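Remarks on the structure that follows.
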Amino acid sequence: MSPTPRSNFLRTQIQADLDTGQTIKVVTRFPPEPNGYLHIGHAKSISVNFGLAEQFAGDCYLRFDDTNPEKESQEFIHSIQEDVRWLGYRWSGEVRYASSYFQQFYEWAIYLIDQQLAYVCDLSADEAREYRGSLTEPGRNSPSRDRSTEENRDLFERMRAGEFAEGARVLRAKIDMASPNINLRDPILYRIRRAHHHQTGDAWPIYPTYDFAHGQEDAIEGVTHSICTLEFEDHRPLYEWFINHLPVPHKPRQIEFARLNTSYTLTSKRLLKQLVDTGVVAGWDDPRMPTIAGLRRRGYPPQALRHFCEEVGTSRSDSTVDVAMLESAVRHQLNSEAPRAMCVLRPLKVIISNYQGEEHLWLPCHPNEPAMGMRSVPFSNTLYIDADDFREQANKKYKRLVIGKRVRLRGAYVIEAERCEVDPEGHIIAVHARLIDGTLGEDPADGFKPKGVIHWVSAATATSATIRLYDRLFTTPNPAQDDDVLTHVNPRSLEIIDDALIEPSLTSAMPEAVYQFEREGYFVADRYDFKEAAPVFNMTIGLRDTWGGDNA
RNA sequence: UGGGGUGUCGCCAAGUGGCAAGGCAGCGGGUUUUGAUCCCGCCAUUCGCAGGUUCGAAUCCUGCCACCCCAGCCA
């Protein structure tokens, strides 16, 4: 983190708590429910929680909020840990589980019963909803509300013993059925679920709700600042009610911030699942997905994700960040760390008439970072350039190869096109050119300096590769706004080129290594599919293009 | 229409009574063997609106307006 992080209300508040002595050591936590894959929005939460602990020299725990076994699984516990680690964060101590506090929660539930602050309610789910009232009307007390402490204890113990059917009864807090805050209308603390839990097995037939668990988890762990998103703001009075009515060892404080929204992106689990289920994308880690696994496979560096989260700031106002900001962070990171290489996406043969044999040229791996070293690039009289880099004729705005004009081959010589071969259908199939002597590392002796520079590979040593070109998954800034997100899917979000040509240095790329293919963009060797014998690269992001366009 | 929030440049976002930071995007210009990077410059007399307090208000007060969240035995 930078020495002077930008100001935001969380940092200001925590600093104030430290200054007053209210907080001695900052403790935060990232509390995902293991019921799905993490996405860019979670990355923000991770960045906020771990970042705060880091800034104030405190601790941040990773805690699985596993109170609903029916939706959770061990698979997600693994993937979430991997994603957090990949982002570059390390949690303090062991991974925590809400489920490891189940016995304590159970005892605290009995404590509330004994204090006459909780009761077993026999209402069905439908009845409970009806009794709860509406946004504008108060609720009514449950018929079970005035049970004796003895009866409540007996019933709750029998709930725990597994004597009742699912949904038959619940344990509720006795607060206020007329509260304008619906969360305070005798919220449910425990429900009966005969589900096998991934951590506790079949030990419990009853499970605590989020409200009865979260604050107490924080209290047990000594969390000082329990940071969550805005939709939990209405729950804060309830969070505090439990903390104030239970003999907890510590009083954590909940603070809410606005969740991250990004244009052209979905983060709804339901909608993301729809994309996977309908085959719009290849899976949860498809490079077009906003999941951490997808962004990783796309080649987005974790540092870029962290930088992005820091850059967009943290506030309490609903907002949608322009995805261009994310892309900017990715380019910024990759520009400095990605080695350069050449790859010809749409090969067009160039034959140089006045050059014989082969030589090995040494090109810098990075134009501004000599420390990144040099690489050997073979040169010969038969090359391939990109089809877009040649035209039989063009106006002065076009700075690439044109018949009768000169262009610089990146890191090599200046050539001049003489003529081209065209097949019966009118497609250009080869260009004949001549090399200008003495132009390796020098401008032409006649003083005519070529305006353009194009990339190339030598035919004899180039390797065929599969390149997956990606574009935005959606054509509209807010795809979730519509009922059917599928209508906004970009039909050209993926284009596969399987006969691109790469320079020799690229065949030995390590999976997940990102390169800048000069003049094209950043590309990552696919984490799973890349093989030396069959290279596969995913386009991470194109180079910024401020050129007016293709109007030559 | 009950309760809880939020409104500062196209998009984010600092600022908490003393003359409106920064980033992204955009627009000019320079350097450049990547139409990239980098560099320089421009880009809110105005802070949702209307009143008020004050020598002075984005910051305080009053009243409006707009948008978001809440009626899971999900989190």
Side-chain angles (χ1 to χ4, degrees), chain A residues 6-8 12 31-33 35 65 67-68 70-71 121 123-125 128-130 132-139 166-172 179-185 187-193 206-207 209-211 213-214 228-237 256 258 260 262-263 308 310-329 331-332 335-336 340 342 363 366-368 397-400 407-414 439 441-443 449-455 477 516-521 542-549:
Chain A
R6 87 178 57 226
S7 170
N8 69 45
T12 301
E33 182 187 16
N35 68 346
D65 213 357
T67 57
N68 186 4
E70 295 176 324
K71 297 185 174 175
C121 177
L123 255 24
S124 70
R129 183 183 316 118
E130 192 195 322
R132 194 152 35 229
S134 72
L135 294 178
T136 53
E137 301 163 299
E166 282 201 10
R169 297 179 215 271
V170 293
L171 182 72
R172 303 174 71 173
S179 173
N181 181 341
I182 290 178
N183 295 119
L184 261 19
R185 318 242 263 229
I188 290 165
L189 275 38
Y190 268 94
R191 55 315 198 176
I192 299 171
R193 284 287 175 279
I206 56 174
Y207 291 94
T209 55
Y210 164 84
D211 286 313
H214 207 95
C228 62
T229 42
L230 251 26
E231 68 269 27
F232 290 102
E233 193 157 21
D234 292 341
H235 293 245
R236 193 169 69 221
E256 314 82 19
L260 170 70
T262 309
S263 63
F308 167 68
E310 174 59 26
E311 196 143 79
V312 299
T314 304
S315 75
R316 289 172 60 85
S317 50
D318 290 312
S319 60
T320 299
V321 175
D322 191 336
V323 73
M325 220 162 180
L326 207 209
E327 295 172 342
S328 169
R331 289 192 183 98
H332 176 80
N335 176 55
S336 58
R340 314 285 124 128
M342 293 192 284
L363 272 63
H366 190 112
N368 317 314
K397 283 183 178 170
Y398 185 81
K399 358 197 287 196
R400 288 111 99 162
V407 80
R408 161 73 65 182
L409 291 175
R410 176 63 158 163
Y413 302 89
V414 172
T439 53
E442 309 277 348
D443 280 336
K449 192 174 174 349
K451 285 194 308 250
V453 179
I454 63 174
H455 55 103
Q516 183 196 101
F517 289 173
E518 292 203 76
R519 301 207 313 128
E520 295 289 359
L543 251 26
R544 185 158 166 267
D545 184 7
T546 53
W547 185 38

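Quick caveat: nothing in here was measured; it's all calculated off a predicted structure. Letters A, B, ... mirror the listed sequences (proteins, then strands); counts begin at 1.
Using a cutoff of 4.0 Å between basic side-chain nitrogens and carboxylate oxygens, A/Lys71 and A/Glu33 are not scored as salt-bridged.
Taking atom CG of residue A/Asn335 and atom C1' of nucleotide B/C38, one finds them 9 Å apart after rounding to whole Å. Atom-to-atom, CZ of A/Arg185 to P of B/G3 comes out at 12 Å; the value is rounded to the nearest Å. Nucleotide B/G10 holds its P atom 13 Å from the CG atom of A/Asp322, rounded to whole Å. Straight-line distance from the CZ atom of A/Arg331 to the P atom of B/C38: 12 Å, rounded to whole Å. To the nearest angstrom, C1' of B/A36 lies 14 Å from NE2 of A/His332. Rounded to whole angstrom, the span from the CZ atom of A/Phe517 across to the P atom of B/U37 amounts to 19 Å. Between the NZ atom of A/Lys451 and the C1' atom of B/U31 there is a distance of 18 Å, given to the nearest Å. One atom, CZ of A/Phe308, and another, C1' of B/C24, lie 10 Å apart when rounded to the nearest Å.
Between B/A58 and B/A20, the two C1' atoms lie 8 Å apart (nearest whole Å). Taking the P atom of each, B/U45 and B/C40 are spaced 25 Å apart, rounded to whole Å. Annotation: B/G51 and B/C65 have their C1' atoms spaced 14 Å apart (nearest Å). Comparing B/U32 with B/C24, their P atoms are spaced 24 Å from each other, to the whole Å. Comparing the P positions of B/C68 and B/C11 gives a spacing of 16 Å, expressed to the nearest Å. Nucleotides B/G28 and B/C43, compared at atom C1', are 11 Å apart to the nearest Å.
A donor-acceptor pair under 3.5 Å links the side-chain atoms of A/Arg185 to the main chain of A/Arg132, judged by distance alone. In this structure a side-chain-to-backbone donor-acceptor pair under 3.5 Å is present from A/Arg331 to A/Gly542. When atom types are taken as modelled, the side chain of A/Arg519 and the backbone of A/Val453 share a donor-acceptor pair closer than 3.5 angstrom. Side chain of A/Arg400 to backbone of A/Gly452: no donor-acceptor contact under 3.5 angstrom is found. Here the side chain of A/Asp322 pairs no donor or acceptor atom with the backbone of A/Ser263 at under 3.5 angstrom.
Each of A/Ala324 and A/Arg544 was matched to the nucleotide of RNA chain B holding its nearest heavy atom; the match closer to the 5' end belongs to A/Ala324. Residue-to-nucleotide proximity on RNA chain B shows that, of A/Lys449 and A/Glu137, the 5′-proximal contact is made by A/Glu137.
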From CA spacing to verdict: side-chain hydrogen bond (donor to acceptor under 3.5 Å, both in side chains), A/Ser317, A/Ser319: CA-CA 6 Å; A/Ser317 50; A/Ser319 60; 5.3 Å; no
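For B/G56, the base is anti relative to its sugar; the glycosidic angle deviates from 0 by more than 90°.
Every ring pair (Phe, Tyr, Trp, His ring centres under 6.0 Å) that A/His235 has, sequence neighbours left out, goes to A/Phe232. With sequence neighbours excluded, no residue satisfies ring pair (Phe, Tyr, Trp, His ring centres under 6.0 Å) with A/Phe308. Residues satisfying the ring pair (Phe, Tyr, Trp, His ring centres under 6.0 Å) criterion with A/Tyr413, sequence neighbours excluded, are A/Phe379.
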Could you encode protein contacts along nucleotides 69-75 of chain B as a string, one character per nucleotide from 5' to 3', using B for base contact, S for sugar-phosphate-only contact and - for no contact, with a heavy-atom cut-off of under 4.0 Å? BBBSBSB
Per-nt protein contacts along nucleotides 13-23 of chain B (heavy atom under 4.0 Å; B base, S backbone sugar-phosphate only, - none) come out as SSS------BB
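Distance CZ/A/Arg544 to OG/A/Ser328: 8.5 Å, rounded to 0.5 Å. Between A/Arg172 atom CZ and A/Thr209 atom OG1 the span is 11.5 Å, to the nearest 0.5 Å.
Taking only distance into account, the side chain of A/Gln516 meets the base of B/U34 through a donor-acceptor pair shorter than 3.5 Å. Judged by distance alone with a 3.5 Å cut-off, no donor-acceptor contact links the side chain of A/Arg236 to the base of B/G4.
A stem is defined here as three or more consecutive Watson-Crick or G-U pairs, each with both distances under 3.5 Å; for RNA chain B these stems are B:2-7 with B:65-70, B:10-12 with B:22-24, B:26-30 with B:38-42, B:48-52 with B:60-64.
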